[in-house]
Amino acid sequence: MSTVARTRAFPIRDYDLAATLTCGQTFRWHKRDGCWIGVIGTRWVRLQATPGSLVAETAGLNSDWNWLTRYLQLGLDLGAVLRTFPEDEPMRAAVGACRGLRLLRQDPWECLASFILSSTKQIVQIRQIICLLCERYGEVLTVPPARELAYSFPSAARLARLTEAELRSCKTGFRAPYLLTAARRVADGRLDLSRLQSLSVEAARAELTSLPGVGPKIADCVLLFAYGFPSAFPLDVWVTKALQELYFRRRAVPLSHLRRFASVHFGPNAGYAQQYLFHYIRHFRSR
DNA sequence: TACCAGGAGAGCG
DNA sequence: CGCTCTCATGGT
């Protein structure tokens with residue numbers, strides 16, 4: 001039965017939609033009347049979490065929903081992932097505090113650009129910057145009647161034509177030239193983001209970190225959130241704090257040491273474990 | 001007001 | 001390699 005519809009319900013369990021959309025892996029979702037409204041690619045989407053299912057509404061008709069199931073990773077067996085985590089007290093606490101937190105599979109360009117803009121910014125500020133960029137340089141999207149305007153994330157080609165001053169007027173600060181360089185490299189083909197999916201995680205990381213303003217942390221965010229490399233382990237100030245507090249008795253440990261520890265301790269889905277630690281330390285052990 | 005934010009790069013010893 | 005400084009700006 002290939003129904004064409006504007007809405008669809010997906011049976012799912014252990015999916016904490018709110019945590020997933022607000023935990024710092026994506027920046028454009030907002031809550032309205034108990035639902036989550038956002039943009040995936042060039043589609044306006046409204047999501048409602050109900051017990052046992054997710055209900056999705058779009059502006060236009062869909063004959064297939066693969067773009068959505070892929071983004072939300074609805075086919076993932078979360079339990080199988082959690083079973084690969086180390087059986088220690090910190091991981092039990094982190095997972096127990098937020099059962100149902102998921103990793104999304106995002107568009108590489110939007111993810112790369114977003115995290116270039118993320119450095120030494122709070123998540124609320126990152127959201128502001130990206131919102132400004134989309135309103136000014138994104139495309140107006142079709143939305144259902146009586147809904148607020150929605151915009152696509154601006155393409156690399158669009159941003160490549162901007163001046164640094166125009167980018168700085170979106171509050172990007174010292175990150176403006178970084179974003180501009182990335183946009184130009186992607187737009188003129190020197191950097192082929194779709195090719196990275198076929199590379200080893202090390203080779204893909206090397207490609208990303210060749211961009212100015214993209215170091216190991218931002219590269220690993222893109223490797224994990226856009227390409228789904230399960231071993232990518234973004235080590236930011238929060239995860240650093242979590243590791244020191246939970247595994248090193250609150251002692252300051254060199255970053256290189258933490259990287260080594262993370263790569264051996266958390267197993268094949270270290271990136272997933274990282275997201276639970278990030279969420280846990282930010283919401284339950286702040287300061 | 002002071003501190004800090006999902007960092008990275010350059011300069012230094 | 002490890003440390004320090006700078007970059008820009010606004011939230012808390």
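Model, not experiment: these values are computed from the prediction. Just so it is clear: chains get the letters A, B, ... in the order the sequence lines come, proteins before strands, and each one is counted from 1.
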Quickly work out the A/Phe225 CZ to B/dG6 P distance and round it to whole Å.
13 Å
Here's a test of your reading of the structure: between A/Val124 and A/Gly213, which maps to the more 5' nucleotide of DNA chain B?
A/Val124
Quiz question: going by heavy-atom distance under 3.5 Å, is there a donor-acceptor pair between the base of C/dG11 and the side chain of A/Gln128?
no
Do A/Arg43 and A/Trp67 form a cation-pi contact, if we require the NZ or CZ to be under 6.0 Å from the six-membered ring centre and within 45 degrees of the ring's axis?
yes
Nearest whole angstrom, please: distance from the P of B/dG6 to the CG of A/Leu243.
17 Å
If you measure from the C1' atom in C/dC3 to the same atom in B/dG6, how many Å do you get, rounded?
23 Å
Under a plain distance cut-off of 3.5 Å, with no hydrogens placed, do A/Tyr71 and A/Asp107 share a side-chain donor-acceptor pair?
no
Within a radius of less than 6.0 Å around CZ of A/Arg249, do more than 12 heavy atoms belonging to other residues, nucleotides or ligands occur?
no
Between P on B/dG7 and CZ on A/Arg175, what's the gap in Å once rounded to a whole number?
9 Å
Length of the CD1-C1' vector between A/Ile129 and C/dA8, whole Å:
9 Å
Between A/Pro254 and A/Arg168, which residue's closest nucleotide on DNA chain C lies nearer the 5′ terminus?
A/Pro254
Looking across every strand, which nucleic acid part, if any, lies under 4.0 Å from A/Leu211 by heavy atom: base, sugar-phosphate, or nothing?
sugar-phosphate
So, is A/Lys171 close to the C/dG10 phosphate, meaning a side-chain N or O under 4.0 Å from OP1 or OP2?
yes
Given atom CZ of A/Phe174 and atom P of B/dG7, what is their separation to the nearest angstrom?
9 Å
Using a strict 4.0 Å threshold on nitrogen-to-oxygen distance, state whether A/Arg205 and A/Glu202 make a salt bridge.
no
Any ion pair linking A/Arg136 and A/Glu166 (charged N to carboxylate O, less than 4.0 Å)?
no
Near-parallel close stack of A/Phe278 and B/dG6 base (under 5.5 Å, under 30°)
yes
Have A/Asp16 and A/Thr20 got a donor and an acceptor in their side chains that come within less than 3.5 Å?
no
With a non-hydrogen cut-off below 4.0 angstrom, is A/Cys170 in contact with a base, only sugar-phosphate, or nothing?
nothing
Tell me: NE2 of A/His279 to C1' of B/dG6, nearest whole Å?
13 Å
Just the rounded figure in Å: distance from P of B/dA8 to CG of A/Leu208.
11 Å
Rounded to whole Å, CG of A/Leu180 lies from C1' of C/dC7 at a distance of 17 Å
Looking only at atom P, what distance separates B/dC4 and C/dC5, rounded to whole Å?
15 Å
Nucleotide of B/dA5, B/dG6, C/dT9 approaching A/Thr120 most closely (side-chain heavy atoms):
B/dA5
When all nucleic acid strands are considered with a 4.0 Å heavy-atom cut-off, which category describes A/Phe27: base, sugar-phosphate, or nothing?
nothing
Kindly say whether, by distance alone, the side chain of A/Gln275 makes a donor-acceptor pair under 3.5 Å with the base of B/dG6?
yes
Look at A/Ser256 and C/dG2 and indicate whether a side-chain polar atom (N or O) is within less than 4.0 Å of OP1 or OP2.
yes
For C/dA8 versus B/dA10, give the span between their P atoms, rounded off to a whole number of Å.
16 Å
